[in-house]
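Here's the structure, in structure tokens; my notes come after.
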Amino acid sequence: MRPLFAVGLVFAGCCSNVIFLELLVRKHPGCGNIVTFAQFLFIAVEGFLFEADFGRKRPAIPIRYYATMVTMFFTVSVVNNYALNLNIAMPLHMIFRSGSLIANMILGIVILKKRYSVFKYTSIALVSVGIFICTSMSAKQVTSQSSLSENDGFQAFMWWLLGIGALTFALLMSARMGIFQETLYKQFGKHSKEALFYNHALPLPGFIFLASDIYDHAVLFNKSELYQVPVAGVSVPIMWFYLLMNVVTQYVCIRGVFILTTECTSLTVTLVVTLRKFVSLLVSIWYFQNPFTRWHWLGTLFVFIGTLMYTEVWSSLGIARSQPRKEDKKD
């Protein structure tokens, strides 16, 4: 029952989280910092109370290692949020981040000296082609939709190009963080909940440098129209309501993934997360009427088929190889 419950949490939490995030960024595209701060603060407080036992429980993994991990985690979160303010549409943002398999494979080969099967190289090629198709089509849309003059179109395209660069950097940094975390778990054992707490608590002082932006958006949130919260019967600015729901659903999503990692195999976890991304993408396109051409659909299909091939879900269904190759064992 727990795995099914966890799957429900992942789909309900993560998919609804995407809805509230897009409601926020559609009104204020640059609100990523206040959203990230609220998420970090909520998870840090919860972890301080229930995981760290008010600071009395010593961490299983030395703090200096968490400091390195947190620097990477904080950088990835901030850069991904800023990308939304650089002419990057939400569907493209989601699809591009699905390229984490590519980044993990590249860094795994370079840093960990891993080798993979032809089957996995093929899956990565599919993901790469899918991302290239969606990226190039979005580039055309940004240039054609932006403007009254060639200069406006060129400027919009340059901002979009900067956004793609930001997403690429965040993708590689996230993969590097995953490899670093993998080596820590091999050395000290798996402590996912502890890592979740420290990854969100230690970066909090860093938000001081973003205080001005966070304050400015808090003022904008206060000026938004009032919304009467169901059941509670109180009226609050609607942007604060969206932010609260985003924080709560983000926590539900992360907790679901945590339960899955303790109850299921990594293959199952990867498959569930991949399908969740696909459902979130559909919600973003249909509910918010985001522009999505046939080429985007083709690119999306390549990305998710490649992702499923990488997880070797076909072999678990008896469609692909029944026995793993030797080179796969190193993965």
Side-chain angles (χ1 to χ4, degrees), residues 13-52 54-55 59 63 66-86 88 90 93-94 97 163 166-167 169-171 173-174 177 181 192-225 227 229 236-258 280:
C14 299
C15 293
S16 55
N17 178 258
V18 169
I19 293 175
F20 288 109
L21 177 60
E22 187 149 359
L23 286 170
L24 287 164
V25 300
R26 275 173 169 259
K27 185 71 174 178
H28 298 292
C31 70
N33 288 328
I34 191 173
V35 172
T36 303
F37 173 69
Q39 292 175 351
F40 276 44
L41 182 63
F42 181 86
I43 294 175
V45 170
E46 189 275 341
F48 181 75
L49 297 176
F50 301 105
E51 171 61 25
F54 294 90
I63 292 293
Y66 278 125
T68 302
M69 191 190 305
V70 159
T71 300
M72 292 186 280
F73 183 68
F74 181 77
T75 302
V76 169
S77 297
V78 172
V79 172
N80 272 326
N81 285 328
Y82 268 120
L84 291 171
N85 204 26
L86 298 170
I88 299 296
M90 184 63 76
H93 191 276
M94 294 164 61
R97 291 179 68 180
L167 287 177
F169 172 80
L171 200 62
M173 179 65 76
S174 180
M177 182 181 71
Q181 188 170 340
S192 301
K193 196 172 181 182
E194 177 185 285
L196 179 66
F197 165 63
Y198 283 104
N199 279 343
H200 289 80
L202 293 181
L204 287 178
F207 284 98
I208 292 175
F209 300 104
L210 305 173
S212 177
D213 180 73
I214 292 172
Y215 175 78
D216 290 342
H217 280 90
V219 172
L220 291 174
F221 280 18
N222 285 334
K223 294 178 179 178
S224 62
E225 63 271 24
Y227 173 76
V229 181
V236 297
I238 194 166
M239 294 302 289
W240 285 114
F241 175 74
Y242 289 158
L243 181 61
L244 174 63
M245 295 306 296
N246 177 269
V247 169
V248 172
T249 53
Q250 174 73 2
Y251 177 74
V252 172
C253 173
I254 291 177
R255 289 294 295 140
V257 173
F258 170 73
S280 295

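In this chain, numbering begins with 1 at the start of the sequence shown. What you see below is based on every heavy atom in this structure, not just the backbone, and it leaves out hydrogens, waters and symmetry mates. Nothing here was measured: the structure is a model prediction, and the numbers come from that model.
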In terms of heavy-atom contacts, A170 and N80 come closest through CB-OD1, 3.5 Å
Donor-acceptor pairs are to be reported for all side-chain atoms of residues 28-45 against protein atoms at under 3.5 Å, with residues two or more places apart or in another chain.
| residue | atom | partner | partner atom | Å |
| --- | --- | --- | --- | --- |
| N33 | ND2 | Y82 | OH | 3.1 |
| N33 | ND2 | D213 | OD2 | 3.0 |
| T36 | OG1 | G32 | O | 2.9 |
| T36 | OG1 | N81 | ND2 | 2.1 |
| Q39 | NE2 | N246 | OD1 | 2.6 |

In Å and rounded to the nearest 0.5 Å, what is the CG to NE2 distance from L210 to H217?
11.5 Å
L23: side-chain contact (heavy atoms from CB on, under 4.5 Å) partners, not counting sequence neighbours:
I19, F20, Y242, F288
Applying side chain to side chain donor-acceptor pair (under 3.5 Å), which residue pairs with at least one partner in residues 196-206 are found, sequence neighbours left out?
none
Without swapping roles, check the side chain of S174 against the backbone of L171 for a donor-acceptor pair under 3.5 Å.
no
Residue set satisfying side chain to side chain donor-acceptor pair (under 3.5 Å) with D216, at least two apart, ordered chain then number -> none
Just jot down the side-chain contact (heavy atoms from CB on, under 4.5 Å) partners of F54, sequence neighbours excluded, or say none.
F48, L49, R56
Looking at L220, is its backbone amide N or carbonyl O close enough to the side chain of S224 to form a donor-acceptor pair, meaning the two atoms are under 3.5 Å apart?
no
Which residues satisfy the side chain to side chain donor-acceptor pair (under 3.5 Å) test with T249, sequence neighbours excluded?
N17
CG of L86 to CG of L167, rounded to nearest 0.5 Å, is 8.5 Å
Check side-chain contact (heavy atoms from CB on, under 4.5 Å) between C14 and all other residues, then give those that pass, not counting sequence neighbours.
V10, C253, R276
If the condition is ring pair (Phe, Tyr, Trp, His ring centres under 6.0 Å), which residues does Y227 pass it with, not counting sequence neighbours?
F241
Shortest non-hydrogen contact between Y66 and P59, atoms and distance
CE1-CB, 4.4 Å
Might you point out which heavy atoms bring N222 and P237 nearest each other, and give the distance in Å?
O-CG, 3.9 Å
Got a sec, which residues hit salt bridge (charged side-chain N to carboxylate O under 4.0 Å, His left out) with E51, two or more places apart in sequence or on another chain?
K57
How far does OG1 of T75 sit from CE of M177, to the nearest 0.5 angstrom?
10.0 Å
Quick one: side-chain contact (heavy atoms from CB on, under 4.5 Å) partners of M173, sequence neighbours excluded?
M72, V76, F169
